Amino acid sequence: MVKYEYLTAEQRQHFLEHGWLRIPNAIKPEYLDGWMADCWIRLGFDEHDVSTWTEEYVKLPRHREVPVAEFCPDAYKAMVEIVGGADRIDPNRETHHGDQFIINSGTEYWRDHDQSPQDATGWHTDNDWYRQFLDSSGNALTIIHCFTDIDPRGGGTWLCEDGITGIAKYLYDHPEGLDPPFDELFAHVKDCKVFTEVTAKKGDTFILHDFLPHAASKNHLRKPRVITNPHVNLKDPYEFDRENAEDFSLCELYILNALGKKRIPKSEWHAAAPRKVYYPRNYSASPRLSLLTER
């Protein structure tokens with residue numbers, strides 16, 4: 001039975017309905033302010049001279065990191081309960097969160113031009129390092145730590161809330177799995193209707209189910225938006241055939257709800273090909289996707 005000692009019933013329902021949850025003031029101030037102190041030095045831009053902001057979108061390498069529970073205690077409690085307990089979390093992958101900032105500064109063009117979420121490019125989920133199955137939980141949660149305020153039209157991530165159904169149905173219909181890139185998983189997003197733009201106060205943390213499609217939005221305000229984007233990885237695949245319904249995690253229920261099912265017997269669905277792990281497409285050591293292992 002999954003125990004809920006931090007998340008309220010309203011928070012749990014919000015995650016099941018929307019695929020995401022915001023934890024306000026989640027990041028400890030010493031990391032929030034301390035790590036941002038040298039952000040402009042690392043960027044090489046003049047904070048007070050927009051003409052020096054030569055790149056719209058910048059990803060910085062990680063210099064510092066601390067255990068997740070130390071970095072954002074309340075958000076960590078929420079992550080643990082969403083995935084069904086600390087014992088389900090991989091003890092080796094992404095156990096620390098750091099300062100690998102992603103900065104969206106916008107451009108002069110986008111000050112007075114618009115872009116609908118349906119026209120945004122790069123819709124994705126953060127799971128391009130393994131063969132994707134319906135029960136894949138390598139990246140169970142995508143995390144957005146907000147190091148600056150994010151105002152409306154200020155470059156907050158687009159979330160496609162009704163995009164989960166198309167992804168879940170595709171993976172249910174393809175038990176052989178799908179290797180990256182996953183372009184066909186997101187072809188339906190242009191026809192979706194329910195989009196949320198992330199807006200936040202500095203220090204907020206957003207927790208997303210990794211099957212929730214998301215994409216970068218345009219920063220129309222030219223007020224730099226700074227986030228980091230770690231994940232929560234699980235040890236084992238999701239289990240959709242639990243005898244006790246109270247043992248399902250919120251992550252598992254979110255997928256089951258998208259399929260309109262209470263459970264999925266293994267006789268109905270199971271992974272029909274070997275599980276494979278890859279280098280992510282953005283892995284800095286190689287521009288190519290390299291097969292690592294089978295398991």
Side-chain angles (χ1 to χ4, degrees), residues 6-8 10-15 17-37 39-40 43 47 53 56-60 62 66 68-79 81-82 94 97-106 110-111 114-117 120 122-126 139 141-161 163 194-210 212-232:
Y6 174 79
L7 292 175
T8 65
E10 290 77 13
Q11 287 175 312
R12 300 197 298 270
Q13 188 59 35
H14 186 281
F15 185 84
E17 290 181 2
H18 300 278
W20 61 271
L21 186 66
R22 180 177 72 92
I23 307 297
N25 299 311
I27 304 171
K28 282 189 174 182
E30 57 262 41
Y31 304 119
L32 184 63
D33 298 326
W35 291 358
M36 280 294 293
C39 180
W40 288 98
L43 267 174
E47 179 180 2
W53 303 359
E56 177 181 7
Y57 203 79
V58 179
K59 294 184 177 181
L60 295 179
R62 181 183 306 191
V66 294
V68 183
E70 163 65 18
F71 177 75
C72 54
D74 286 346
Y76 177 72
K77 294 173 187 174
M79 297 171 204
E81 292 187 3
I82 288 171
E94 300 198 66
H97 288 182
D99 63 349
Q100 65 276 33
F101 293 143
I102 305 172
I103 300 102
N104 182 345
S105 300
W110 289 110
R111 280 188 187 272
D114 291 320
Q115 184 185 65
S116 71
W123 284 99
H124 66 285
T125 52
D126 294 1
N139 279 352
L141 299 175
T142 294
I143 310 301
I144 302 175
H145 291 308
C146 303
F147 282 79
T148 57
D149 290 349
I150 306 176
D151 297 324
R153 295 173 57 80
T157 305
W158 280 121
L159 311 178
C160 179
E161 293 191 13
V194 185
F195 294 90
T196 293
E197 178 190 13
V198 166
T199 58
K201 291 296 184 182
K202 173 178 151 181
D204 291 353
T205 290
F206 282 74
I207 304 172
L208 284 54
H209 193 290
D210 197 62
L212 182 70
H214 54 279
S217 74
K218 297 301 180 183
N219 187 339
H220 304 279
L221 306 181
R222 297 236 70 186
K223 177 182 175 182
R225 179 231 65 182
V226 182
I227 65 170
T228 59
N229 180 208
H231 309 89
V232 175

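Model, not experiment: these values are computed from the prediction. We use all heavy atoms of the structure for the numbers below, so side chains are in, but hydrogens, waters and symmetry mates are not.
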- What heavy-atom pair brings C160 and L212 nearest, and what distance separates the two atoms? O-CD1, 3.3 Å
- For A78 against I23, the heavy-atom pair lying closest together: CB-CD1, 4.0 Å
- Note on the structure: Partner of D151 under salt bridge (Lys or Arg N to Asp or Glu O under 4.0 Å), picked from R225, R222, K202, K223, is K223
- H97: what forms a ring pair (Phe, Tyr, Trp, His ring centres under 6.0 Å) with it, not counting sequence neighbours?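 Scan of H97 (ring pair (Phe, Tyr, Trp, His ring centres under 6.0 Å), adjacent residues dropped) gives H145.
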- Who passes ring pair (Phe, Tyr, Trp, His ring centres under 6.0 Å) against W35, sequence neighbours left out? Y31, F71
Are the side chains of [Y] and [X] in contact, using a 4.5 Å heavy-atom criterion?
| X | Y | result |
| --- | --- | --- |
| I102 | T228 | no |
| D99 | R62 | yes |
| M36 | D33 | no |
| T142 | T125 | no |
| T205 | I143 | yes |
| L159 | V198 | yes |
| W158 | P213 | no |
| I207 | M79 | yes |

Judged by atom type as modelled, is there a donor-acceptor pair below 3.5 Å linking the side chain of [X] to the main-chain atoms of [Y]?
| X | Y | answer |
| --- | --- | --- |
| H14 | R12 | no |
| E81 | L7 | yes |
| W123 | P117 | yes |

- Charged N to carboxylate O under 4.0 angstrom, K218 versus D114?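 Between D114 and K218 there is no salt bridge, as every charged N stays at least 4.0 Å from the carboxylate O atoms.
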- Message: Closer than 4.0 angstrom, basic N to acidic O: yes or no for D204 and K201?
- Response: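 No salt bridge links D204 with K201.
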- Rounded to the nearest 0.5 Å, how far apart are CG of N25 and CG of L32?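 Going from CG on N25 over to CG on L32, the span is 9.0 Å.
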- In Å and rounded to the nearest 0.5 Å, what is the CD to NE2 distance from Q115 to H220? 7.0 Å
- In sequence, state the C-alpha distance, the side-chain angles, and the governing distance for L141 and L208, and then conclude on side-chain contact (heavy atoms from CB on, under 4.5 Å). CA-CA 5 Å; L141 299 175; L208 284 54; over 6 Å; no
- Parallel, tilted or perpendicular: which fits the ring planes of F15 and H209, with parallel below 30° and perpendicular above 60°?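 Ring orientation of F15 relative to H209: tilted.
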- Step by step, work out the side-chain contact (heavy atoms from CB on, under 4.5 Å) result for L21 and F206. CA-CA 6 Å; L21 186 66; F206 282 74; over 6 Å; no
- Quick check, are the ring centers of H214 and W20 under 6.0 angstrom apart?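 Between H214 and W20, the centre distance exceeds or equals 6.0 Å.
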- Message: Name the residue from W40, Y57, F147 that meets the ring-ring contact (aromatic ring centres under 6.0 Å, His included) definition with F101.
- Response: F147
- Message: Does S217 form a side-chain contact (heavy atoms from CB on, under 4.5 Å) with N219? I'd like the steps, not just the answer.
- Response: CA-CA 6 Å; S217 74; N219 187 339; over 6 Å; no
- Task: Would you check, one step at a time, whether the test side chain to side chain donor-acceptor pair (under 3.5 Å) holds for T196 with E161?
- Result: CA-CA 7 Å; T196 293; E161 293 191 13; 2.6 Å; yes
